[in-house]
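Just below is one structure, and these are the notes that go with it.
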Amino acid sequence: MPELPEVETTRLGITPHILGHKIIDVVIRQRKLRWPIPRGLAQKLQGQTIQAVERRAKYLLLKIETGTLILHLGMSGSLRILPANTPAEKHDHFDLVFNNGLCLRLTDPRRFGAVLWSKEPVEQHKLIQHLGPEPLSEAFNANDLYSKSRGRKVSVKQFIMDGKVVVGVGNIYASEALFLAGIHPKKAAGKISAERYELLVSSIKKVLAAAIEQGGTTLRDFVGGDGKPGYFAQQLNVYGRTSEPCSTCGQPIKQLTLGQRSTYYCPNCQH
DNA sequence: AATCGCGCCTGACGGC
DNA sequence: TGCCGTCAGGCGCGAT
């Protein structure tokens with residue numbers, strides 16, 4: 001499932017092929033994604049040139065003169081660059097066709113993704129405007145996290161997965177970052193010291209940056225057709241490793257559920 | 001204001 | 001082999 005590192009890697013992969021190029025066709029095969037693809041979108045995009053390819057949280061932002069195309073990959077979405085005439089397969093819902101003979105194609109079996117349009121400055125868009133800081137920016141720091149956590153009774157894992165607190169920390173990397181920081185996922189956010197938040201912030205940054213770096217080397221081929229861009233198998237210490245020995249102490253990794261999400265941790269290393 | 005839990009959707013997987 | 005139930009999961013949203 002695309003977490004922030006996959007989305008960022010996707011951004012880096014598609015940018016050179018679409019930046020500065022003109023959209024000559026828009027193909028919508030399935031409008032029913034998480035929200036319907038808006039009516040009239042094709043006409044808004046037709047003939048426009050991509051001026052920037054940005055990312056906010058897990059939203060990809062394709063900026064053109066008159067507004068911003070917002071893309072989200074949901075659970076199972078992926079974007080590829082293909083020759084413009086590549087036949088569509090099942091789950092290929094949306095194409096942008098460019099004047100360089102290439103096509104940006106959205107594939108999304110579960111359709112939790114989204115294709116939306118923002119006319120106003122995209123920072124003011126409903127889905128964007130209330131988002132917390134980017135995890136890899138300086139705005140995300142221990143002071144900020146600590147002050148936001150005071151009085152909060154939710155588990156620290158749910159807390160760092162809350163997009164108003166910090167964006168882009170998904171289920172996998174939340175478990176991984178807490179493992180690195182030695183913090184038990186169930187511990188109440190409001191009961192964690194400033195010192196430990198210092199460690200947690202650096203762990204989140206470290207885990208995400210490492211995954212993005214690995215993505216850059218693993219996911220090199222965005223052009224071509226060989227199936228989906230295989231999202232990289234990140235080295236994971238705890239996620240999905242129930243009963244396997246902890247890489248630090250050898251104790252079996254445990255699993256629990258927090259906020260309807262499976263959560264993995266080492267009962268010996270995390271408190 | 002904070003918290004809880006629903007729902008969207010399909011593929012994979014286990015049991016029979 | 002085939003059918004069916006269950007689960008995973010991002011994240012906005014409505015209810016409490």
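Here is the naming used below: chain letters follow the sequence lines, and residue numbers restart at 1 for every chain. Since the structure is predicted, the reported quantities are computational estimates derived from the model, not experimental observations.
- Residue A:Arg110 places no side-chain N or O under 4.0 Å from the OP1 or OP2 atom of C:dA8.
- Taking 3.5 Å as the limit, the base of B:dA2 and the side chain of A:Arg152 contain no donor-acceptor pair of atoms between them.
- Between A:Leu116 atom CG and C:dG12 atom C1' there is a gap of 12 Å when expressed in whole angstrom units.
- Put simply, the side chain of A:Arg34 and the base of C:dC11 share a donor and an acceptor less than 3.5 Å apart.
- Phosphate proximity of C:dC13 to A:Lys126: present, with a side-chain N or O under 4.0 Å from OP1 or OP2.
- A:Leu127 comes within 4.0 angstrom of the backbone, heavy atoms only, and of no base.
- At least one side-chain nitrogen or oxygen of A:His91 sits closer than 4.0 Å to the OP1 or OP2 atom of B:dG11.
- Salt bridge status for A:Glu134 with A:Arg55: present, with a side-chain N to carboxylate O gap under 4.0 Å.
- The phosphate of C:dC11 (OP1 or OP2) has a side-chain N or O of A:Lys58 nearer than 4.0 angstrom.
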Exercise. Given A:Arg105 and A:Thr107, is the side chain to side chain contact (heavy atoms under 4.5 Å, CB included) satisfied, shown in steps?
Worked result: CA-CA 6 Å; A:Arg105 175 166 290 170; A:Thr107 305; 4.1 Å; yes

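- For A:Arg261, no side-chain nitrogen or oxygen approaches OP1 or OP2 of C:dC11 to under 4.0 Å.
- Across all strands, A:Lys90 comes closer than 4.0 Å only to sugar-phosphate atoms, never to a base (heavy-atom distances).
- Here A:Phe112 does not pack flat against the base of C:dC11, since the 5.5 angstrom centre distance and 30 degree tilt limits are not both met.
- Two residues, A:Leu131 and A:Gln255, neighbour DNA chain C, and the one matched to the more 5' nucleotide by heavy-atom proximity is A:Gln255.
- Taking the six-membered ring where tryptophan is involved, the planes of A:Tyr146 and A:Tyr197 are perpendicular, since the angle between them exceeds 60° and thus also 30°.
- Distances shown here put a side-chain N or O of A:Tyr59 below 4.0 Å from the OP1 or OP2 atom of C:dG12.
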